[in-house]
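Okay, structure first, notes after.
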Amino acid sequence: MDKQFKIKVPCSTSNLGPGFDTLGLALQLFLDVDVSTATDKTEISLTGEGKDYLPRDESNYIYKIYRESCEIVGVTPQPLLLNISSEIPLSRGLGSSGSAVVAGLVIANELNNGSLSRDQLAEIATRIEGHPENVSASCYGGLTVGCLANEKLFSCQILPPGELKAVAIIPEIEILTKEARTLLPNEVPFKVAVNNVQRASLFTAAMATGRFDLLREASKDMLHQPFRKKLIPGFDAILAGAYKAGAHAAFLSGSGSTIVALSSDGHEKIGNAMMQVVQELDYTAKILILDIAQHGYKVD
Ligand code: HSE
């Protein structure tokens, strides 16, 4: 019998300053996929981000992940009708790849009657993606702390109290995570490691308890932002603008190029302050004010 269902996956910002490959935060910007098995040939329609250049055949990334996942899940791959609609900009550090991995895997699981649990899917998605923070956020929602050890995912979710929103400035600049990772050092001094352990822990505790006054200090990072910020003109000035306008925290989203500021209020003012820097430097970007996604992927 043919099956039809819809999958909705939130995007994610990750690292959040010091939590490199560890912290993820799900945001209300979504990848939607309508799936139908009523076909003899795979056909993919695309709307939204990437619609003009992403493949519409079986080389599409979501379909490829679905095929790979069939083997893991234990189901025979088949042609699909996919209607993919994405609000998530690609190669901007908002977890578009993690969301696509989750979508492909969930398709395979649904076609095997949902045999694997959310926890199992999050673990498999982490193995495919290589790091846990984006896929954990897209699977569970909220703020997630993820640790991949010996192919096993240890993950925990926090829903920050209050009215925290993310102000995302999304430059036109595309950054491939793979390339941005080559900029990072193989080793760091002990004091750098201590700095990041302290701040990532403080960030997590502050988010759990609503101590947003601690986030500014907690979001300082020495592991990746100092090496990547040259990719985004005016990076320091954008952060300074966000803080001056009242942000609790501001950091590079994933490997960039998006910069995210967190705040309980004054979101438009913060967005305008960040945008002003970009305009003075004569490149383009857009601002999105995003709520935290409290839930991970959904299937209807
Ligand atoms: N933690 C990854 C990185 C996130 O910073 O390379 C990629 O979005």
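Read the numbers this way: they start at 1 and go in the same order the structure lists the ligands and their atoms. Quick caveat: nothing in here was measured; it's all calculated off a predicted structure.
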Sequence neighbours left out, what passes side chain to side chain contact (heavy atoms under 4.5 Å, CB included) with Ala100? Give chain and number order. Tyr61, Ile62
Counting only heavy atoms from other residues, nucleotides and ligands, does the tally under 6.0 Å from CD of Glu71 exceed 12? no
Which protein residues come within less than 4.0 angstrom of ligand 1, counting heavy atoms only? Ser14, Asn15, Phe20, Asp21, His131, Glu133, Asn134, Thr177, Arg181, Arg228, Gly254, Ser255
Between the main-chain N or O of Pro18 and the side-chain N or O of Asn196, is there a donor-acceptor pair closer than 3.5 Å? yes
Which residues satisfy the ring-ring contact (aromatic ring centres under 6.0 Å, His included) test with Tyr63, sequence neighbours excluded? Tyr66
State which residues pass ring-ring contact (aromatic ring centres under 6.0 Å, His included) with Phe212; sequence neighbours excluded, sorted by chain then number. His248
For Pro233 and Ile238 the tightest heavy-atom approach is O-CD1, 4.0 Å
